[in-house]
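Everything below concerns the one structure shown next.
Convention: sequence-line order gives letters A, B, ...; per-chain numbering from 1. What you see below is based on every heavy atom in this structure, not just the backbone, and it leaves out hydrogens, waters and symmetry mates.
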Amino acid sequence: MAQIPAGRLATYGQIAELIGAFGCARQVGWALRRLPLPSAVPWHRVVNAQGRISMSPGREGSDWMQIALLRAEGIPVDAAGRLPLRRYLWNPALPSVDASGDPG
DNA sequence: CATTTGACGCTCT
DNA sequence: TAGAGCGCCAAAT
């Protein structure tokens with residue numbers, strides 16, 4: 001997850017596939033839930049495949065924190081937690097050269 | 001050991 | 001675009 005460049009987004013399934021656990025998106029969410037905050041890993045760059053922040057009462061507001069962190073990185077996030085995943089989706093295969101370019 | 005739940009994802013309608 | 005159903009694995013009860 002630390003490989004995700006700033007201003008980019010990745011999905012739970014993407015992270016799972018990246019570590020060789022295809023289809024185990026839930027386990028990624030499980031790990032993120034166990035993640036102590038504040039954390040050194042950019043957990044806020046991980047969203048669901050729907051392009052929305054996965055909100056849950058168990059997060060105790062960390063979902064809203066995620067919105068704030070993403071906005072701070074230049075990613076427009078809707079009040080409902082929706083964001084343009086198509087444009088900011090990170091490609092693990094690429095050497096993260098597009099971190100500075102326009103996602104367009 | 002069986003059941004329920006969870007920061008997910010795809011398919012069908 | 002929105003909703004329901006199923007699959008997935010691990011944890012909690």
Side-chain angles (χ1 to χ4, degrees):
Chain A
M1 202 162 12
Q3 299 294 326
I4 308 174
R8 287 287 149 160
L9 295 174
T11 65
Y12 294 88
Q14 195 173 4
I15 299 299
E17 185 178 359
L18 194 63
I19 65 178
F22 178 78
C24 298
R26 299 198 71 111
Q27 279 69 344
V28 177
W30 170 83
L32 262 60
R33 181 172 171 74
R34 296 272 296 178
L35 203 63
L37 266 57
S39 177
V41 299
W43 56 271
H44 56 276
R45 303 196 186 123
V46 183
V47 298
N48 56 22
Q50 314 292 358
R52 293 196 292 156
I53 307 290
S54 295
M55 301 205 187
S56 177
R59 297 184 62 174
E60 296 183 352
S62 70
D63 42 12
W64 296 97
M65 185 194 301
Q66 184 172 9
I67 296 177
L69 289 170
L70 290 175
R71 284 193 166 193
E73 294 190 352
I75 300 176
V77 186
D78 192 355
R82 297 180 306 193
L83 36 83
L85 179 61
R86 300 285 301 206
R87 302 186 348 188
Y88 293 90
L89 186 61
W90 170 57
N91 189 342
L94 270 60
S96 70
V97 292
D98 48 0
S100 59
D102 190 2

Say whether, by atom type as modelled, one donor and one acceptor occur between the side chain of [X] and the main chain of [Y] under 3.5 angstrom.
| X | Y | value |
| --- | --- | --- |
| A:R71 | A:V77 | yes |
| A:R86 | A:G51 | no |
| A:Q14 | A:W90 | yes |

Check your understanding: Is A:R52 atom CZ crowded by more than 12 heavy atoms from other residues, nucleotides or ligands, each under 6.0 Å away?
Key ->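 Open: at most 12 neighbouring heavy atoms sit under 6.0 Å from CZ of A:R52.
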
Rounded to whole angstroms, how far apart are [atom1] on [X] and [atom2] on [N]?
| X | N | atom1 | atom2 | result |
| --- | --- | --- | --- | --- |
| A:L69 | B:dA7 | CG | P | 18 Å |
| A:L83 | B:dA7 | CG | P | 18 Å |
| A:M65 | B:dA7 | CE | C1' | 13 Å |
| A:Y12 | B:dC8 | OH | C1' | 8 Å |
| A:F22 | C:dG7 | CZ | P | 16 Å |
| A:I15 | B:dG9 | CD1 | C1' | 15 Å |
| A:R52 | B:dA7 | CZ | C1' | 13 Å |
| A:I19 | B:dC8 | CD1 | C1' | 13 Å |

Checking contacts here: which listed nucleotide ([options]) is nearest the side-chain heavy atoms of [X]?
| X | options | answer |
| --- | --- | --- |
| A:Q27 | B:dA7, C:dA10, B:dG9 | C:dA10 |
| A:R59 | B:dG9, B:dC8, B:dA7 | B:dA7 |
| A:L37 | C:dG7, B:dG9, B:dA7 | B:dA7 |

Practice item. Could you pick out which residue, A:C24 or A:R34, lies toward the 5' side of DNA chain C when each is mapped onto its nearest nucleotide? Key: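 That would be A:C24.
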
Practice item. Could you say whether A:R82 or A:W30 is positioned toward the 5' end of DNA chain C, judged by the nucleotide with the nearest heavy atom to each? Key: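 Comparing both residues, the 5'-ward one is A:R82.
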
Review point. C1' atom, B:dG6 versus C:dG7: distance in rounded Å?
Key: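 Each nucleotide's C1' atom is 14 Å from the other's.
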
Practice item. State the CG-CD distance between A:L83 and A:Q66, to the nearest 0.5 angstrom. Key: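 CD of A:Q66 is found 8.0 Å from CG of A:L83.
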
Review point. Are any of A:S54's side-chain N or O atoms less than 4.0 Å away from OP1 or OP2 of B:dA7?
Key: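 Indeed not, no polar side-chain atom of A:S54 lies that close.
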
